[in-house]
Amino acid sequence: MRLKEKLQQFTKEKRGLLATNYYNLETLHGVLRAASELNEPVILQLTQSSIDYMGLETAVKLGRASLAQFNVEGWIHLDHGGSVDLVQRCLDAGFDSVMIDGSELPFEENIKITQDVVARAKAYGANVEAELGYVAKLGQAHVAQGFTQPHEAKDFVEATGVDALAIAIGTAHGFYKQTPKLDIELLKAIHEVTPATLVLHGSSGVPHDQVQQAISNGICKVNLATEIKNIFMKTLQSELSNNEEIDLRKVFPKATSQVTDLVKTKLIMIKNNTDA
């Protein structure tokens with residue numbers, strides 16, 4: 001099934017679809033082992049920095065081969081694409097979905113760049129995600145005046161024809177200094193006026209009951225990145241602190257296993273306590 005149809009299906013069923021970033025073989029296999037054991041689909045995400053680190057062709061082939069190895073239904077998505085050029089490279093490389101992030105641009109410029117990407121993606125049958133509103137980056141504050149407004153979301157989706165829209169309702173990228181509180185009433189209002197799949201960025205550290213409430217009220221795609229990096233690296237640091245082992249094949253699996261355990265909890269969470 002194409003990602004667009006899967007997202008539409010899950011939105012109707014009030015189920016979430018987990019989108020996890022991967023950074024190397026170990027984090028990728030940690031994610032996919034969890035998805036395989038629970039028989040759940042997953043979106044595999046790559047940012048420009050991960051593409052630069054692994055190489056575009058290598059990163060995509062690694063993702064495809066691993067999906068087949070673990071027999072998981074999944075899709076490869078460009079997360080936070082910062083330019084049309086990068087989006088085009090990813091479309092040519094066979095990505096199932098691309099995000100063009102014009103959220104820091106003026107409203108009309110965000111529309112224009114998203115329209116360009118939507119037009120390009122049609123020829124590839126690829127899903128397109130955009131972002132509207134202010135989802136704070138690492139170290140920045142998340143403020144209510146930057147939240148996505150329903151009328152702007154409606155106008156934006158109508159003008160661009162974008163398939164999915166990341167919205168700002170109280171989350172931030174990275175860890176939180178205090179427990180976030182999602183604006184569920186705002187989410188409801190946005191969901192009522194736009195047919196686009198709604199996306200929650202910055203789910204790391206958000207209480208599970210809030211994520212589930214968001215899914216019940218219109219969110220479908222739930223992004224997870226920071227917690228994956230954190231648990232992988234913290235486990236490695238712990239393992240190596242008093243360890244003279246030089247065989248990475250003996251050390252990395254312990255960190256990979258922790259990623260699997262983490263992602264399992266998230267996959268259970270985004271099903272929203274249903275068996276649909």
Is there a path from I268 to V259 through hydrophobic residues (I, L, V, M, F, W, Y) whose side chains come within less than 4.5 Å of each other?
yes

So, K221 versus Q45: side-chain donor-acceptor pair below 3.5 Å or not?
yes

For D209, does the CG atom have more than 12 heavy-atom neighbours from other residues, nucleotides or ligands under 6.0 Å away?
yes

If you measure only the distance, is there a donor-acceptor pair under 3.5 Å linking the side chains of K112 and N110?
no

Would you mind listing every ring-ring contact (aromatic ring centres under 6.0 Å, His included) that reaches into residues 27-48, with sequence neighbours excluded?
H29-F70

Answer yes if the side chains of Q9 and E5 hold a donor-acceptor pair under 3.5 Å, and no otherwise.
no

Would Y23 and L44 show up in the same hydrophobic cluster when neighbours are defined by side-chain heavy atoms closer than 4.5 Å?
yes

Any carboxylate oxygen within less than 4.0 angstrom of a Lys/Arg side-chain nitrogen, looking at R89 and D85?
no

By salt bridge (charged side-chain N to carboxylate O under 4.0 Å, His left out), which residues pair with K188, not counting sequence neighbours?
E185

Check whether the side chains of H201 and E129 place a donor and an acceptor atom closer than 3.5 Å, and report yes or no.
yes

Please tabulate, one pair per line, all N/O donor-acceptor pairs under 3.5 Å involving side-chain atoms of residues 49-57, not counting sequence neighbours.
| residue | atom | partner | partner atom | Å |
| --- | --- | --- | --- | --- |
| S49 | OG | T47 | OG1 | 3.0 |
| S50 | OG | T47 | OG1 | 3.4 |
| E57 | OE2 | K61 | NZ | 2.8 |

D96/R64 ion pair, N-O < 4.0 Å:
yes

With a 4.0 Å cut-off, would you call K271 and E13 a salt bridge?
no

